[in-house]
There are 2 protein chains.
Amino acid sequence: MGKKQLIMEKAVELFAQQGFELTSVQQITEHCGISKGAFYLSFKSKDELIIALIDQFMSQMISDTDYQVTKNQNDEKTLYEFYFTMFKSSQKHSNFAKILMKEQSQSFNKELVSKFHHYDRLLEKTILTMMEGLFGEKIENTKHDLVYCIKGFISIYSELILFNNVPVNLEQLAHSLVEKTNLLATQITTPFVTKEIFQLKRLSHEEVTKDQLLEILEQSLSEAEELLEQESLSLLKQHLLEPSLSQVLIEGLLKNIQGYPNCKWIAYLLRNYFALEFTENK
Amino acid sequence: MGKKQLIMEKAVELFAQQGFELTSVQQITEHCGISKGAFYLSFKSKDELIIALIDQFMSQMISDTDYQVTKNQNDEKTLYEFYFTMFKSSQKHSNFAKILMKEQSQSFNKELVSKFHHYDRLLEKTILTMMEGLFGEKIENTKHDLVYCIKGFISIYSELILFNNVPVNLEQLAHSLVEKTNLLATQITTPFVTKEIFQLKRLSHEEVTKDQLLEILEQSLSEAEELLEQESLSLLKQHLLEPSLSQVLIEGLLKNIQGYPNCKWIAYLLRNYFALEFTENK
DNA sequence: TATAATAATGACTAATTAGTCAGTTGTCAA
DNA sequence: TTGACAACTGACTAATTAGTCATTATTATA
């Protein structure tokens with residue numbers, strides 16, 4: 001076994017027990033029976049190690065699950081396989097899964113946070129595609145909300161089986177969640193997470209690019225029905241392409257459009273975007 | 001405002017941003033505009049501060065929620081009030097709620113962990129009582145599972161509103177969750193979390209006392225139908241009261257009973273209990 | 001104003017940390 | 001046997017940490 005692999009395996013054990021911050025490189029090297037110098041031959045830093053761990057395990061977990069979902073042809077077994085594979089995978093890599101639960105929202109290393117969000121987005125995509133395949137048009141308005149319910153189930157039941165010495169029947173767990181998911185998918189009428197919130201959440205973690213904003217603005221513009229709405233959007237578009245208006249005027253334009261339902265989102269995004277620029281220019 | 005209160009308020013801000021471990025006492029005192037010594041006049045240690053924070057906020061959140069639930073007379077508004085109060089409370093104390101999400105499963109200070117579990121148990125109790133009041137006998141077999149679904153909802157939607165700059169309509173969120181909860185409560189047929197798992201999970205975090213074991217053992221004994229089952233349980237009870245049998249004999253007795261459905265749990269608990277004793281006596 | 005009591009300070013200790021690097025060891029081929 | 005190269009070591013640095021304590025400042029009381 002390579003040194004790198006040895007370090008990763010031993011480190012996972014310690015991180016699962018004590019967490020990333022509270023585990024020192026010293027401890028890791030002692031646990032491996034190697035010297036401190038040897039560690040730094042394999043990894044440039046402690047951060048590089050945790051990043052490597054996340055990439056190794058997450059890509060495997062996601063691809064395992066995604067494979068199960070895409071190979072199934074949207075029959076009644078798909079949901080079951082999804083849940084079963086998910087929990088089986090987190091049971092197999094239980095130490096890593098523990099790290100994931102512990103560090104997911106706690107880490108403050110920028111690269112780490114973006115890694116987590118990257119894989120979280122992949123998982124959301126898998127779930128969304130699966131649900132679309134299974135229920136089609138019927139869940140058009142509820143599918144994003146359903147993704148959150150499913151994530152909630154996964155999170156709370158994972159915690160239960162990972163951190164409590166409870167003997168678990170994964171088949172039963174998967175069956176139980178399939179029933180719940182079917183119930184919710186076929187009968188929910190008032191979703192909370194809308195398409196807008198879903199996409200907004202995905203954007204709020206990365207820098208929203210000017211191009212993305214323009215795209216969304218164009219869309220709102222094409223849907224605009226009233227003149228005030230159209231002209232305000234048009235002016236905002238010009239200002240986005242080539243800043244020319246004062247902070248106060250922008251604020252007014254945003255107020256103009258934020259009353260229209262189809263402009264709520266772009267108004268919100270633009271306000272964030274310009275506010276950011278403003279403070280940066282100070 | 002007292003020094004203690006000042007420190008707590010400022011510390012919450014920093015902990016929410018950076019986490020407990022990554023925030024130094026130095027940083028806290030600078031943020032307060034006081035000296036390091038002054039900090040230690042109010043708190044014996046950094047740990048004492050976080051414990052005080054948890055007690056202050058958690059007791060308030062739990063009692064807010066519990067009050068809403070118990071004052072309502074199990075009408076259709078109860079569930080709505082529960083969810084609304086819950087999210088309102090976590091929005092009001094958003095910095096603390098963030099700390100809670102970040103540190104809950106990550107902390108390794110023993111006292112902290114037991115604090116978290118204490119309040120988690122209180123919340124579970126509130127939810128369980130509420131659901132029993134609302135749905136009564138109909139959810140006898142599913143109620144513990146429902147508690148987990150509800151906790152899952154709370155956890156995932158809290159994360160959404162706390163860590164993403166998404167404008168949120170709490171009324172809508174509460175309504176949406178009421179619908180989901182009603183659906184699940186009235187239609188679930190295959191729960192995963194049984195009464196046993198629920199209680200077992202609650203026990204696994206505290207030291208299981210001999211008295212608790214005896215109580216459960218008595219119950220199993222009273223339900224025992226076959227002779228082998230009865231005698232094995234009886235012998236185990238004697239050994240529990242006054243150890244006399246060897247490790248091997250105990251193992252055999254446990255094997256005798258673990259086949260019976262009503263003994264699965266006590267067998268599991270006893271195995272843990274005796275295994276623990278054994279290793280401790282070495 | 002003088003005295004006592006309390007509050008607050010910040011330089012200090014001792015411990016721990018991530019990361020470095022001059023030097024040692026092991027392993028091959030010539 | 002020699003030399004060259006890579007793998008490895010662990011004492012070291014510089015920074016940071018929680019917590020202490022002799023000293024100083026503030027306030028209340030007589």
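Per chain, numbering begins at 1; letters A, B, ... match sequence-line order. The model shown is predicted, which means the values in this text are computed figures rather than measured ones.
Here B:E124 pairs with B:K151, B:K201, B:R202 under the salt bridge (Lys or Arg N to Asp or Glu O under 4.0 Å) rule; sequence neighbours left out. Residues that satisfy the ring-ring contact (aromatic ring centres under 6.0 Å, His included) test with B:Y40, not counting sequence neighbours, are absent from this structure. Judged as a ring-ring contact (aromatic ring centres under 6.0 Å, His included), and not counting sequence neighbours, A:F87 has no contacts.
Residues A:D66 and A:T126 have side chains that bring a donor and an acceptor to within less than 3.5 angstrom of each other.
If you check residues 50-57 of chain A against DNA chain D, you find no residue with a heavy atom closer than 4.0 Å. Contacts with DNA chain D (heavy atom under 4.0 Å) in residues 37-44 of chain A: A:G37, A:A38, A:L41, listed by number.
Under the 30°/60° scheme for interplanar angles, the aromatic rings of A:F15 and A:F20 are found to stand perpendicular.
Put simply, the side chain of A:H31 does not reach to within 4.5 Å of the side chain of A:Q27, judged on heavy atoms.
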* From CA spacing to verdict: side chain to side chain contact (heavy atoms under 4.5 Å, CB included), B:I197, B:Y148 -> CA-CA 11 Å; B:I197 290 181; B:Y148 266 79; over 6 Å; no

* **side chain to side chain contact (heavy atoms under 4.5 Å, CB included) assessment of A:F84 paired with A:L173** => CA-CA 8 Å; A:F84 188 81; A:L173 174 55; over 6 Å; no

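Toward the 5′ end of DNA chain C lies the nearest nucleotide of B:K36, the other residue of the pair A:K46 and B:K36 mapping further downstream.
Other residues, nucleotides and ligands contribute only 12 or fewer heavy atoms inside 6.0 Å of the CD atom of A:E111.
Backbone-only contact: A:T23 has heavy atoms under 4.0 Å from sugar-phosphate atoms and none from a base.
Distance check: A:S155 OG to B:F153 CZ gives 12.0 Å after rounding to the nearest 0.5 Å.
Scanning DNA chain D 5' to 3' for nucleotides with an atom closer than 4.0 angstrom to a non-hydrogen atom of chain A gives a first and last hit of D:dC8 to D:dG10.
Here B:K3 reaches the OP1 or OP2 of C:dA8: one of its side-chain N or O atoms lies under 4.0 Å away.
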